[in-house]
Each structure stands twice: as structure tokens, then as C-alpha cells.
Amino acid sequence: MAELQNQSTTAPDQLSSLYKMSRTAGLGTTEYVAINGAAVTAAILGVASSLAILDDVLLVIPIVGIIFGIVALRQIGQSNGTQGGRVLGWGGLVLSLGLAGIVIGGEAKAMMGHQADSKQIVGIIDELSADVKGANVDKAYALFSPQFRQRVDKDHFAGTMKMLEKSAISGELEYMRWNGVPFQFEPVPNQADRFAAATMLVKFSNSHEPFRTELSFRNGDEGWKIYNIPSLFPEQQQAPAGKQAR
């Protein structure tokens, strides 16, 4: 009996050693955490999203960056700690969202501005129609820009408006109105002014259908004004004596 007790005290505890091994086994396999590839791509696209400010076409960059950022965060969250790069994923996502918001917000603001400008230009065309039909030369002439008034004197303008108001061939003017096609806005080179191009419908009593004519507008110190109607006042026309066209 004593011999059995001595063996039990001197024999190695095999179960205990196995228990200790189980607590340390596999620790080396969790020391390395792979960086998620989608997170790296999201970070790169987030930085590249600044290019979208240069051209609306490049808005695709932050959109793709947002997608990669979301995918990266989902993959990292489901990796049970085997993947890293959460900071990269969040950074790319935030950059892409922020820059996309700046571009889209700027476009929305510009669109609202264009709508207000378009409404004002349509009103000018309607005023021109009413003034020509009512033979209000002074009011009609005031609708044109300073550059136009410098190039075309009031007497020549009045003669053209009278011809437009009523003629033996075309009859009386019924209306002048915008044709509904969106205006084309362009900046004036090296100036704060802007140009707008439009098409106007002109209907006379003796014609079955209105004819179309192009006209341009300029937004300067006096607000939007008619810059020219080339079919009525060709650009080649010489400025009156004592006046120089700009």
C-alpha cells in the first residue's frame, strides 16, 4: 500500500501537463493580423476623391471609394480579429463621403442658381415681346446690355424694332417667347460676368409657324441683359461714329 502511495507522488501528472499545453497551444498563430485589401483600396480612393472637384465625371471615384469602405468594414468585422485596417477603411469612407458631398452640394447650388437666372431671362424675353408689340422703344432698348447699346445706336435699334413689329410681308408680331430648351451658361473670359445662350420663337400673323432665332444674354453690373440677337444685329456691324465697340 505504501509502495502505491510512493508511485502516486513521484509519477508525473500527465493530465496536468496536457492542460498546460492546451493553454499555450496556437498562440503563435494569432500574432499576425492581415490588413484588409479593400480597406487599403478605400483609403487610396478616398485621397483620390479630391479629383472629383476638378470634373463632375470623376465623381465616380468617391462613389467607388464609399463602396470599398463599406465592404472593408464588413469584412473586418466578420473576420474574428484575423483582419485589420479598420482605420484605413473608415478614413477612406469618410474622405469619399465628404468630397462627394462637396461636389454634389456645389452642383445643387449651381442648379438652383441657374433656375433663378433662367426665370429672369425668360422674363426679359417676355418683356421684349410686349415692348416691341407696344412700340415701347425706350423700354425695349433698356433690356439690352451696355455693350450692345454702345455698338448699336438707338435710331438703328428703333428702325429694326419697327420693322419687326409690323411688315407687309410677315404681318404683325404676335409673340416672342423662349422655346423651352435649357439655357447654356458660360463664364466671360477673365471677368466675373457670365453669358447665356437661348433660342427664341418669333411668330407673325402671316406665318403658319414661328421661326427660331438665337439670342445671347450677359450678366454684368446691370444684371441679366440681352447681349445680342445676331439675326437682327450682326456682330460685323460697325459701331456708330464716336463710339467704339468693346
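The structure displayed is predicted, hence computed values, not measured ones. All heavy atoms count here, side chains included; hydrogens, waters and symmetry mates do not. Along the sequence shown, residues carry numbers from 1.
- Under the ring-ring contact (aromatic ring centres under 6.0 Å, His included) criterion, Phe204 pairs with Phe211, sequence neighbours left out.
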Name every donor-acceptor pair, under 3.5 Å, that has one atom in a side chain of residues 85-98 and the other anywhere in the protein, sequence neighbours excluded.
from  : atom 1 : to    : atom 2 : distance (Å)
Ser96 : OG     : Gly92 : O      : 2.9

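- Interatomic distance, OH of Tyr175 versus CG of Leu128, reported as 14.5 Å (0.5 Å rounding).
- Residues passing the side-chain contact (heavy atoms from CB on, under 4.5 Å) test with Thr41, sequence neighbours excluded: Leu45, Phe68.
- For Trp224 against Gln120, the heavy-atom pair with the smallest separation is CD1-OE1, 3.4 Å.
- Note on residues 216-231: pairs passing salt bridge (Lys or Arg N to Asp or Glu O under 4.0 Å), not counting sequence neighbours, are Arg149-Glu222, Asp193-Arg218.
- Every residue meeting the ring-ring contact (aromatic ring centres under 6.0 Å, His included) condition with Phe195, not counting sequence neighbours, appears here in chain and number order: Tyr227.
- Criterion: ILVMFWY side-chain heavy atoms under 4.5 Å apart, direct or through other members. Under it, Tyr141 and Ile121 are part of a common hydrophobic cluster.
- Nearest heavy-atom pair across Ala39 and Ala72 is N-CB, 3.3 Å.
- Residues Leu58 and Leu99 fall into different hydrophobic clusters, defined by Ile, Leu, Val, Met, Phe, Trp and Tyr side chains chained together at heavy-atom separations under 4.5 Å.
- Evaluation of the side-chain contact (heavy atoms from CB on, under 4.5 Å) rule for Val137 yields Lys154, Phe157, Ala158 as partners, not counting sequence neighbours.
- Considering only residues two or more places apart in sequence or on other chains, Ile44 meets the side-chain contact (heavy atoms from CB on, under 4.5 Å) condition with Val40.
- Partners of Val122 under the side-chain contact (heavy atoms from CB on, under 4.5 Å) rule, at least two apart in sequence or in another chain, are Asp126, Trp178, Phe183.
- By the side-chain hydrogen bond (donor to acceptor under 3.5 Å, both in side chains) test, Glu172 is found to be paired with no residue, residues two or more places apart in sequence or in another chain being considered.
- Taking both residues in full, the closest heavy atoms of Thr213 and Ser231 are given as OG1-OG, 2.6 Å, listed atom of the first, atom of the second, then distance.
- To the nearest 0.5 Å, atom CZ of residue Phe144 and atom CZ of residue Phe217 are 8.5 Å apart.
- Hydrophobic clustering (ILVMFWY, side-chain heavy atoms < 4.5 Å, transitive): Val132 and Leu201 are in distinct clusters.
- Residues satisfying the salt bridge (charged side-chain N to carboxylate O under 4.0 Å, His left out) test with Glu214, not counting sequence neighbours, are none.
- Follow the hydrophobic side-chain contacts under 4.5 Å out from Met163 and you never reach Val202; the two are in separate clusters.
- Partners of Gln184 under the side-chain hydrogen bond (donor to acceptor under 3.5 Å, both in side chains) rule, at least two apart in sequence or in another chain, do not exist in this structure.
- Listed by chain and number, the residues in a salt bridge (charged side-chain N to carboxylate O under 4.0 Å, His left out) with Lys203 are Glu174 (sequence neighbours excluded).
- Residues Val60 and Leu54 share a single hydrophobic cluster, defined by chaining ILVMFWY side chains whose heavy atoms lie under 4.5 Å apart.
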